[in-house]
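This structure is a prediction, so every number in the text was calculated from the model and none was measured.
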Amino acid sequence: MGYHMLDQKNKRPILILLLILPIIFFFASLFIGAYSLTPLTVIKLLISKISKPDIFDVQQSILFDIRLPRIVLALLIGCALSVSSACYQASFRNPLVSEYILGVSAGAAFGASLSIIFLGDDFPVQVMAFAGGIIAVMMTYFIARIKGETGVISLVLAGIITNAVFTGGSYVVRYLAEPEKLHILVVWLMGSLSAASWKDVSQSAPFIISGSVFLILLRWRLNLLSMGDEEAKALGVDTERFKIVIVILSTLISAVAISVAGIIGWIGLMVPHIIRILIGSDNRLVLPLSATTGAALLLMADNIVRMSQGIELPVGVLTTLIGAPFFIYLIRKSRIET
């Protein structure tokens with residue numbers, strides 16, 4: 001798929017904008033919601049929180065206990081999904097590889113289904129979803145690994161097999177579910193940040209931040225891997241070992257993200273494509289810009305659903321509605337160019 005890069009003169013403003021986009025959206029998001037807060041009110045609440053932290057106030061609760069954790073979690077999850085997909089795509093030289101293609105989402109959905117339907121409140125949904133995602137991607141990788149190497153075609157085929165296995169398992173669990181628990185599961189599978197809390201942030205932030213930073217530090221090696229296994233080996237890179245490291249770290253942060261918010265589709269696939277269209281395929285820029293753009297894009301999508309005055313649409317539904325037309329455009333564009 002061909003990408004037309006901006007020329008060097010126009011690239012710098014775009015780079016700066018993409019880097020600061022999460023900061024802009026963060027502050028804008030403080031005022032958005034079913035209960036609107038003006039900038040002056042937010043400033044007063046911040047001062048009041050610092051000077052009188054023990055006094056309960058409804059507006060303070062809305063800002064600090066409901067709105068802020070949701071904003072922070074959206075930024076973290078958008079970053080995790082985008083960085084992990086960018087790493088998958090660079091490692092396996094396939095622009096369609098993501099946590100969904102590799103089976104992470106299907107595995108996480110199966111784990112969450114087991115937890116919600118059979119374990120209830122006795123076991124955290126996040127733990128089972130995370131375990132399911134990890135097991136699924138390990139299954140995909142080892143099915144695809146033939147004679148010590150992991151080819152792109154075999155990886156995609158293995159991902160299809162893994163998705164089929166875990167999706168089938170999820171269907172069986174849903175068939176056996178009680179109606180009340182089935183409703184909870186369906187909402188989780190749609191992907192939503194409506195129940196975000198500081199506990200979710202504290203549990204996911206260390207894994208997502210440390211994993212993303214480590215992957216970004218390895219971005220120059222991804223450039224070597226993108227050249228092809230033979231070329232990378234000639235330059236001294238142990239390609240299989242490096243792929244394993246990338247897959248483990250990428251799976252870790254994407255599985256953590258999915259476990260706390262459910263299935264939020266297309267962000268991971270869209271963002272790296274957008275970055276490559278704008279600035280090219282150099283992973284030294286693609287990874288950090290995918291992190292900031294993915295964070296901002298998911299927060300923007302969540303702001304849109306938060307502004308609804310009636311029933312709040314799960315953000316995963318909105319990202320899917322946005323993502324599908326985007327890829328139709330890319331497919332048609334690539335056909336015209338070829």
Judged by modelled atom types alone, do [X] and [Y] share a side-chain donor-acceptor pair under 3.5 Å?
{"X": "Gln89", "Y": "Ser98", "value": "no"}
{"X": "Gln60", "Y": "Ser48", "value": "yes"}
{"X": "Thr162", "Y": "Thr140", "value": "yes"}
{"X": "Thr167", "Y": "Ser170", "value": "no"}
{"X": "Thr251", "Y": "Tyr88", "value": "yes"}

* To do: Report yes or no: is the cationic atom of Lys49 (NZ for Lys, CZ for Arg) under 6.0 Å from the centre of the six-membered ring of Phe64, at an angle within 45° of the ring normal?
  =>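 Relative to the ring axis of Phe64, which defines the angle, Lys49 lies inside both limits.
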
* Passes side chain to side chain contact (heavy atoms under 4.5 Å, CB included), Phe326 versus Ile322? Steps please. -> CA-CA 7 Å; Phe326 176 79; Ile322 296 171; 5.6 Å; no

Backbone of [Y] reached by a side-chain donor or acceptor of [X] within 3.5 Å:
{"X": "Thr319", "Y": "Ile264", "value": "no"}
{"X": "Ser91", "Y": "Cys87", "value": "yes"}
{"X": "Arg219", "Y": "Ile216", "value": "yes"}
{"X": "Ser61", "Y": "Val58", "value": "no"}
{"X": "Arg174", "Y": "Leu182", "value": "no"}

Can you tell me how far the [atom1] atom of [X] sits from the [atom2] atom of [Y], to the nearest 0.5 Å?
{"X": "Ile77", "Y": "Ser259", "atom1": "CD1", "atom2": "OG", "value": "8.0 Å"}
{"X": "Leu155", "Y": "Ile143", "atom1": "CG", "atom2": "CD1", "value": "10.5 Å"}
{"X": "Ile16", "Y": "Leu19", "atom1": "CD1", "atom2": "CG", "value": "8.0 Å"}
{"X": "Ile248", "Y": "Leu215", "atom1": "CD1", "atom2": "CG", "value": "11.0 Å"}
{"X": "Gln203", "Y": "Ile208", "atom1": "CD", "atom2": "CD1", "value": "11.5 Å"}
{"X": "Asp282", "Y": "Leu287", "atom1": "CG", "atom2": "CG", "value": "10.0 Å"}

Is [Y] reachable from [X] through a run of hydrophobic residues whose side-chain heavy atoms are each under 4.5 Å from the next?
{"X": "Phe26", "Y": "Ile43", "result": "no"}
{"X": "Val187", "Y": "Leu119", "result": "no"}
{"X": "Met139", "Y": "Phe142", "result": "yes"}

* side chain to side chain contact (heavy atoms under 4.5 Å, CB included) assessment of Trp188 paired with Ile263 -> CA-CA 7 Å; Trp188 186 92; Ile263 311 298; 4.3 Å; yes

* Run through Leu299, Asp302, Val201, Leu63 and flag the one making a side-chain contact (heavy atoms from CB on, under 4.5 Å) with Ile71. =>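 The single option meeting the side-chain contact (heavy atoms from CB on, under 4.5 Å) with Ile71 is Leu299.
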
* Applying the side-chain contact (heavy atoms from CB on, under 4.5 Å) test to Leu289, which of Val271, Leu15, Ile14 qualifies? ->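 Exactly one pass, corresponding to Leu15.
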
* **Candidate pair Leu285 and Ile275, rule side chain to side chain contact (heavy atoms under 4.5 Å, CB included), full reasoning** => CA-CA 9 Å; Leu285 293 175; Ile275 300 302; 5.9 Å; no

* Asked: According to the interplanar angle, ranging from 0 to 90°, do the rings of Phe166 and Phe110 count as parallel (below 30°), tilted (30 to 60°) or perpendicular (above 60°)?
  ->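 Ring orientation of Phe166 relative to Phe110: perpendicular.
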
* To do: Might you work through the side chain to side chain donor-acceptor pair (under 3.5 Å) test for Gln59 and Thr41, ending with a clear yes or no?
  => CA-CA 9 Å; Gln59 289 184 327; Thr41 302; 5.2 Å; no

* Asked: Should the pair Arg93-Glu231 be classified as a salt bridge under the 4.0 Å nitrogen-to-oxygen rule?
  ->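 Salt bridge: no.
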
* **Shortest non-hydrogen contact from Val305 toward Glu312** =>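 For Val305 and Glu312, the tightest heavy-atom pair comes out as O-CG, 3.5 Å.
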
